[in-house]
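To start, the structure itself, in structure tokens.
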Amino acid sequence: MTAAAQPLPRIGTMPRDAGSTPITGDRQKGPMPVTNEEILRGLAKIVHEVAGIEENEITPEKSFVDELDIDSLSMVEIAVQVEDHFGVKVPDDVLANLKTVGDAVDYVAKTT
Amino acid sequence: MSPRLRQLPPIAGARILGLGSRQPQHIVTNADIAARGVQTTDEWIRERVGIVERHLAREDESVVDMAVDAGAKALADAGLAPAEIDAVLVATCTMPSPIPNAAGQTAERIGVRGAHAFDINAACAGFCYGLGTASDMIRAGSARHVLVIGAEKLSDWVDPTDRSTCIIFADGAGAVVVGPADPDERPGIGPIAAGSAGDLVDTIVVANRHSFIRQEGQEVYRWAITEIAPVALRALALAGLTAADVDVLVPHQANLRIIEAIAKRMRAAGARDDMVVADDIVRSGNTSSASIPLALDHMRAEGRVGSGDLALLVGFGAGLSYAGQAVVLP
Ligand SMILES: CC(C)(COP(=O)(O)OP(=O)(O)OC[C@H]1O[C@@H](n2cnc3c(N)ncnc32)[C@H](O)[C@@H]1OP(=O)(O)O)[C@@H](O)C(=O)NCCC(=O)NCCS
């Protein structure tokens, strides 16, 4: 698109040192879930949003890769959103061992 | 008492005056890679990285050859003669040897004499670092017109049998000419938002001069989808803009899934639905420091962006390093 219809946006000049502020990792944390049922619902929402799978398909015994057909990069996106939503850490080595939806629910339950 | 050192009169702002790019002629499709015996498929590559084809340089086509061509086109686009350039910066991490640098050779071959000439190695963030440096040089009075080029021959540093890298990396060059904004005109390059993540230094590495690029794909992927959108938003904030001001988002063309993840986070932060998102990786592969100016030049040629558009650039890669800024397109 061209900006013919709009005025040029204003690009400001730099306040001293403003460009070198380090990134902080303070992401928004969701409310603490209490039951495994709530964790499952939260997880299903995330999996649906990332991979487009119907939420009622996302049940504890299903495996992410083989049954739900979620690839490794979508699993990383799911892990990142689980971290944001539940306030837990899901490092790559843990992620690699979360084979089923139930594994992930149990991990969140014991880590929150 | 120490002597008083005079400073040059500062200039309010810089802007991009012209754009140019160069890709090698030789196109390699996903099927070509699989046909070479690499255990991969067109479908896997399209799904995981979004690349359909990439350009690879011939053996005798160098980083400097591509830089010269892209740089000369950017000069012509800006309507400037080589004699009007006082600095040539080449962002590259794939020179065959450390000296002489690419910038001096490039300047000489374009016909730019006696200019500042130095290389910048911040891998895939290199172009944005170069653009920020050029803008600061102009604002400080150290140069009037700066040629900034991102040029890479990654194929020299990739193991053609390693399916985790040979499907991704490619060759090319892109360039911009930066000059002072007219005094009555607003600056066209915003402040740089940049930094590094040294704790992840081991995730993308060429171990020594006899080695190839090795990367921890998933760690890099996670870092890129979480940490880069905040850098882009910080660049906007530094320029006094918001996500809704962005006409075109140009992330480093690392992986289409990373680009989409960054775009998704920009939309969540208020970017418009009609924001154009660069997807040049599909036809060009990941060309490291060349990817952002290559994408800009291609999108302009396709009519997807136009003069006066607000583009948000953000580069990220080995280091790990990152840099971004808002710019008004020429
Ligand atoms: C490199 C990248 C595409 C690899 O994707 P990934 O999903 O992490 O790949 P993995 O190594 O986990 O492999 C996943 C599966 O695909 C297979 N695979 C890996 N590469 C493959 C290829 N080229 N073709 C076909 N299959 C491949 C693996 O063997 C594995 O199969 P398995 O689960 O049956 O064992 C991805 O990690 C990435 O793009 N990361 C970001 C890197 C980047 O952008 N770097 C540049 C920054 S400037």
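Just so it is clear: chains get the letters A, B, ... in the order the sequence lines come, proteins before strands, and each one is counted from 1.
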List the steps, then state whether side-chain contact (heavy atoms from CB on, under 4.5 Å) holds for L131(B) with V178(B).
-> CA-CA 8 Å; L131(B) 189 57; V178(B) 184; 3.6 Å; yes
Looking at Q218(B), R48(B), K264(B), which has the largest count of heavy-atom pairs under 4.5 Å with chain A?
->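 Ranked by heavy-atom pairs under 4.5 Å with chain A, first place is R48(B).
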Applying side-chain contact (heavy atoms from CB on, under 4.5 Å), run through L312(B) and M275(B) and close with a yes or a no.
-> CA-CA 10 Å; L312(B) 180 58; M275(B) 175 179 73; over 6 Å; no
Do any of residues 41-64 of chain A have a heavy atom less than 4.5 Å from a heavy atom of chain B, and if so, which, in residue order?
-> E49(A)
Where do L310(B) and V328(B) land on the side-chain contact (heavy atoms from CB on, under 4.5 Å) test, with the steps shown first?
-> CA-CA 5 Å; L310(B) 193 280; V328(B) 176; 4.2 Å; yes
Measuring heavy-atom distances to chain A, does Q325(B) have an atom under 4.5 Å in its side chain, in its backbone, in both, or in neither?
-> neither
Just do the side-chain contact (heavy atoms from CB on, under 4.5 Å) check on N30(B) and I167(B) with the steps written out, would you?
-> CA-CA 7 Å; N30(B) 295 340; I167(B) 59 162; 5.9 Å; no
Any side-chain donor paired with an acceptor under 3.5 Å for S74(A) and R257(B)?
->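 On atom types as modelled, these side chains qualify, holding a pair under 3.5 Å.
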Assess the side chains of D136(B) and T133(B): does a donor N or O sit below 3.5 Å from an acceptor N or O?
->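 No - no donor-acceptor pair under 3.5 Å links their side chains.
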For I259(B) against P251(B), the heavy-atom pair lying closest together | CG2-CG, 4.0 Å
